Structure formats: C-alpha cells, structure tokens
Q: 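Quick one: structure below, then a few questions.
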Amino acid sequence: MDEAPISIQEAKDPSKQGNEVTLRGWIYRTRGSNRMLFLVLRDSTDIIQCVASREDLGEERFISARELPVESAIVVKGRINMDDRAPGGFEVHLKEILTISKADRFPITKDHSEEFLRENRHLWLRSRKMNAIMKVRSTVTGAIHEFFRREGYHEFTPPIFTPNQAEGGSTLFEVKYYDRTIYLSQTWQLYAEAAIFSLERIYDVSPTFRAERSKTSRHLSEFWMAEMEAAWMDYLEAVSVAEREVKFIIEKVLERNMKELEILEAEPERLRSAISAKWPVITYTEALGILKERSGMDVEWGKDLRTVEEEELMKHFDTPITVVEYPKEAMAFYKPVKEEADAPGPVAKCFDMIAPGGYGEIVGGSERDTDAASLEEALKREGEDVRKYDWYLDLRRYGSVQHSGYGLGVERVLAWICKLDNIKDAIPFPRTMTRAYP
RNA sequence: GCCGCAGUAGCUUAGCUGGUUAGAGCGUACGGCUGUUAACCGUAAGGUCGUCGGUUCGAAUCCGCCCUGCGGCGCCA
C-alpha cells in the first residue's frame, strides 16, 4: 500500500467520498457471514465500518481477514462512500488488508463491571468513552493555560517534594527522601506565595497528593490541581477570576468537543445555559439561611458545610455558586479574618465554588494572612513546628502585600463537564486508597 | 477512623428459607448463514462457587476470621 494513510475523520470529509483511501488503526468490532465481512476500524479520531466480500478479497485473504481478532492493528485500502446501512453512515469497500499485528483475545468484551474495567484500565483507554474523556481533558488543561496566559499570568512550577504541610489537619503521603522523611505536595500555595513577590500573578497545573481516607466517587489520592496566586488581589476579585476561568474552560470544550460530549451523553445544553448566567456569590451565613428557609434544615453556625448540606443547598441552583466567608474556626491557619462581617462570629476571607449536580467543591481559595505574628500564632495553635515555616514567615517580613489564590480540581471540573458518574474516569490511571494498579 | 455492599467459567451473571451431575448469556474453538449494526443459528470446551475454619448426615447457600474490591460518612479539589 503506497498511498499515505489518512485519519478516519479526514476520510469522512465530503470531498473524499468515492475516493480510494488508505486507513490504519485497530479492529473495533467484527461481524460477518461466509460471504461478507464487516470490520469496524478505530483510530484516534473516529470509527468507521469496512466491508469486504469473498469475491473482492479472494478466498485466501478473505479467510485470513475473517480470523483477525478485535484490536488487531491493520492498514486497509478501499473506496469510501456514504452508506445508510453502515453504522455512522460511512463505509469503506476493502480492496486490501495488511495485518500489522494480530491481537490475542481481547479481555474486554460486551459485558464488564466497573471493577474489571479499572483493573484493565490500560486497555479500556481505547474505549470510545475514555477516548472522549481524555480529549475533553486535554481541552480543559489547555484552556487553563490559555486563560491565565491571556490574563497576563506566568506559569510557575512548584516543588512536589515538600517538607511542610499546608492545610491544617491534612493527610500527607510520606516519602523516604534519602535518610529522612518528607511529603508529596498537596498544594503549591506556600511556594506560590513566595513567587508572587517576584512574578505577581502566577498559575500552575500540577499533580497533588492527598492521603485522605476517602472512598467516594469524588475523591482521588492523586489528582491535578490548577492553582493561581496573585499579589494585590482580594478574595472577592479571586472569586471573579475563578468564575471567568471556569466559564472559559467550558466555552473551549463546547467549541472543540461537541462530538465527545455527545459520545459521553454529557448534555452540553446544561453547560451552555450555565455559562450564560451570572453565578451567585453568597456568604456562608446566607447559605445557612437558604438551608433553613428553603430546605427546613437547621445547621449550627460555625460548622463547616458537609456533603449533605452542600447537596441540599445546590438543589436550589443550576449553575455553580460560590460560598464566601466561612467561620474562621473551621478554616486553615493562613486564611485571614474579615473584619466587620455581618455574621454571628469571626469569618475568614475565603471561598468555595460548588458545582451543581452533586459534583461538589470544584474550587477552593482565600485571601492569605499577611501578618507574620498572627500566622505564627495560628501555626502554634495547630501544634506546628514554627521553625519549619521560617522561610514562609519571611515572606511577611519583606514587603508583604494583600494577596489571594485558589485551587481548581481538574478532575472535579472534568467530571461535571462530562457528566461522569465517578471521578475515577476523569483521570487516565486513578490512584485511590485501594487502587494503584495498573 | 466509622457504616454498608459485593466476591460463582476469560467476562456479565442465575442459584443463596442447606439436599441429585452449579444453570445461562457474551467471548473462545469448530460448522452454517448474500449487508452485518457489541448480528443470527448449531455443536463443543471451559467451574477447587475469594481464603481459612466452624455448624451439619450433607454447605455456593448458615456462622466466624481474614483477603480483595466498591460505595457512603467525616475531610477535602
């Protein structure tokens, strides 16, 4: 076969109809009789039905083609045409089939459990579903870079090995680091705060590790977080950056991945209407009011919103909402108190963006405490060794300024966009408390 | 850390108030079929019923430990 292969997507272009094309890929399905053979061919772009008759190929080649198992790699040549009888509406009449690699029996067949597919994730990546999700994922992370670069941010890469913890009471993965123990990063924040005094506005898309013993459809032990940190910015401005960022991500997905959203049955209309609306920003105290008045749910002021409360609250909204100013008590050490807040107790200058549809928190952020003394006190209160944070406290000693930042959970956003049942499908090889294979 | 669900052929499963040789579909092998849509028809191979122990004349089935996986709470993105 001398002609250069083209993609299945290219072959379906109207200008190619009636032409002879060379395609290459993997056998996705086979069907046939003793006269006719149907191969559905798959490449990264699409699938297409190829048809061959015994006469067209000749006895010997017909028989050997009929024996090719699913997932065999082949190159084919034939004439492409639109045909209503073919699934997808296009069909290639084969003249030649070149076997590149005959597959063993493929373990994934018609019936499969979630568990089996996770055990065979390395092969399940070939499915239309995972193919579509990974394409949307690529758009999402690309859009994050695009968004922040357009807004004048610099990409800043934090260390993954870190000696400190950053979130109070957090669970970190310990790593043997030569002859001592350090941790895998669970946020870039402390390092980002160092960098803004040089770059002012920065962002990253990095892996994050949390040893939380959470076994839910919303948690991963290793996930990707897209964070930003900006000098001279208060937390409410950060909220509006987050809203614009998430809307930008969705716009790009709607622009580039309609086919994938269709394969995933992701109901893109729900996204389209979400991005055309203004997303509500309410305080924690107001959220409790909504829960009481509209859901008859009494929550004691001062308690963090739990999953039940969050889900109940989101029943009243069909876009993401941002809840600001949580009680200081429940928050990490670096989140400063907002003075003169209309609330029963001290609240922090912080926020969470919650997605509709039970996807939970997709963004969490805050303004950062700029005062060395109050940070030191907060660290001591949490039983931290202040000496380890000396470099961090230095940042408040040399020209401290108001600054804010947040982290966006890439897989949470992707799960919402793709309408996935489980966040484990939003990442190619999920790592959870009970799974680190394959 | 707490609570719950599940483990039977390569895969998906039925059987589970104990009782003959543990049934089926998909896949596989072989044969058939003039266009299939994760086709259809026929034949066949394929099972120490997660592990260990207990109850019983008898355990896939009842009980206990353990292993593995899954989900929910808490916590978080």
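Keep in mind that what you see is a predicted model, and the values were worked out from it rather than measured. So you know, we letter chains A, B, ... as the sequences are listed, proteins then strands, and number each from 1.
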Q: Which value, in whole Å, describes the distance between the C1' atoms of nucleotides B:rA24 and B:rU8?
A: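 13 Å, rounded to whole Å.
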Q: Which is true for A:I108 with a 4.0 Å heavy-atom rule: it touches a base, it touches only sugar-phosphate, or it touches nothing?
A: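 No contact.
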Q: Using atom C1' of each nucleotide, how far apart are B:rU61 and B:rG15 to the nearest Å?
A: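 After rounding to an integer number of Å, I get 9 Å for this pair.
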Q: How is A:F38 classified with respect to the nucleic acid when contacts are heavy atoms under 4.0 Å: base, sugar-phosphate, or nothing?
A: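 Here A:F38 touches the bases of the nucleic acid.
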Q: Which base, if any, makes a Watson-Crick or G-U wobble pair with B:rA44, both distances under 3.5 Å?
A: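 Matched B:rA44 with B:rU28 under the 3.5 Å cut-off.
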Q: A:L68 and A:I74: side-chain contact (heavy atoms from CB on, under 4.5 Å), yes or no, with the steps?
A: CA-CA 9 Å; A:L68 287 172; A:I74 58 174; 3.9 Å; yes
Q: What does A:K424 touch in the nucleic acid at a heavy-atom separation under 4.0 angstrom: a base, only the sugar-phosphate, or nothing?
A: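 Counting heavy atoms under 4.0 Å across all strands, the contact made by A:K424 is with sugar-phosphate only.
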Q: Checking all strands, does A:M36 fall into the base, sugar-phosphate, or nothing category for heavy-atom contacts under 4.0 angstrom?
A: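 Contact class for A:M36: base.
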Q: Round to a whole Å and report the spacing from CD of A:E55 to P of B:rG35.
A: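 So the two atoms are 13 Å apart, to the nearest Å.
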Q: Applying side-chain hydrogen bond (donor to acceptor under 3.5 Å, both in side chains), can you list everything that pairs with A:R306, at least two apart in sequence or on another chain?
A: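 For A:R306 the side-chain hydrogen bond (donor to acceptor under 3.5 Å, both in side chains) partners, ignoring immediate neighbours, are A:E309.
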Q: Just to confirm, is there a sub-4.0 Å distance from OP1 or OP2 of B:rC73 to any side-chain nitrogen or oxygen of A:R218?
A: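 A:R218 to B:rC73 OP1/OP2: side-chain N or O found under 4.0 Å.
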Q: Does A:S214 contact B:rC76 through a side-chain donor or acceptor facing the base, at a distance under 3.5 Å?
A: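 Answer no: no donor N or O sits under 3.5 Å from an acceptor.
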Q: Taking B:rC62 as the reference, what is the distance to B:rG7 when you measure between their P atoms (whole Å, please)?
A: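 It comes out at 11 Å once rounded to the nearest Å.
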Q: Do A:R306 and B:rC76 have a side chain to base donor-acceptor pair shorter than 3.5 Å?
A: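 Answer is no: no donor-acceptor pair is held.
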Q: Between A:E262 and A:M258, is a side-chain contact (heavy atoms from CB on, under 4.5 Å) present by the stated rule, with each step listed?
A: CA-CA 6 Å; A:E262 198 178 306; A:M258 283 309 287; 6.0 Å; no
Q: Expressed as a whole number of Å, how far does the C1' atom of B:rA14 sit from that of B:rG25?
A: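 Those two atoms are separated by 11 Å.
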Q: For A:E227 and B:rC76, give me the distance from atom CD to atom C1', rounded to whole Å.
A: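 Atom-to-atom, A:E227 to B:rC76, this comes out as 13 Å.
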Q: Please work out if A:G364 contacts a base, only the sugar-phosphate, or nothing of the nucleic acid, heavy-atom cut-off 4.0 Å.
A: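 A:G364: backbone/sugar contact only, no base atoms under 4.0 Å.
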Q: Let me have a per-nucleotide readout for nucleotides 25-31 of chain B, 5' to 3', with B, S or -, counting only protein heavy atoms under 4.0 Å.
A: BSSS---
Q: Quick test of the criterion, 5.5 Å between centres and less than 30° between planes. Is A:F223 stacked on B:rA77 or not?
A: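 Stacking is present between B:rA77 and A:F223, given that their ring centres fall under 5.5 Å apart and the planes under 30°.
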Q: Checking only heavy atoms, does the side chain of A:H219 share a donor-acceptor pair with the base of B:rC76 at less than 3.5 Å?
A: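 Yes.
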Q: Does the base of B:rG35 carry an N or O that pairs as donor and acceptor with the side chain of A:E91 under 3.5 Å?
A: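 Indeed, a donor on one side and an acceptor on the other fall under 3.5 Å apart.
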Q: Answer with base, sugar-phosphate or nothing: what part of the nucleic acid does A:V363 contact at a heavy-atom distance below 4.0 Å?
A: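 Sugar-phosphate contact only.
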Q: So what does A:S53 hit on the nucleic acid, given a heavy-atom distance under 4.0 Å: a base, only sugar-phosphate, or nothing?
A: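 Answer is nothing: A:S53 stays at 4.0 Å or more from every strand.
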Q: Mind checking salt bridge (charged side-chain N to carboxylate O under 4.0 Å, His left out) for A:R244 and listing every partner two or more places apart, or none if nothing turns up?
A: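 Applying salt bridge (charged side-chain N to carboxylate O under 4.0 Å, His left out) to A:R244 gives A:E151.
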Q: Report the base-pairing partner of B:rU36 (Watson-Crick or G-U wobble, both distances below 3.5 angstrom), or none.
A: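 Across all strands, not a single nucleotide pairs with B:rU36.
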Q: Roughly how many Å apart are B:rC11 and B:rG27, using the P atom of each and rounding to a whole number?
A: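 It works out to 15 Å between them.
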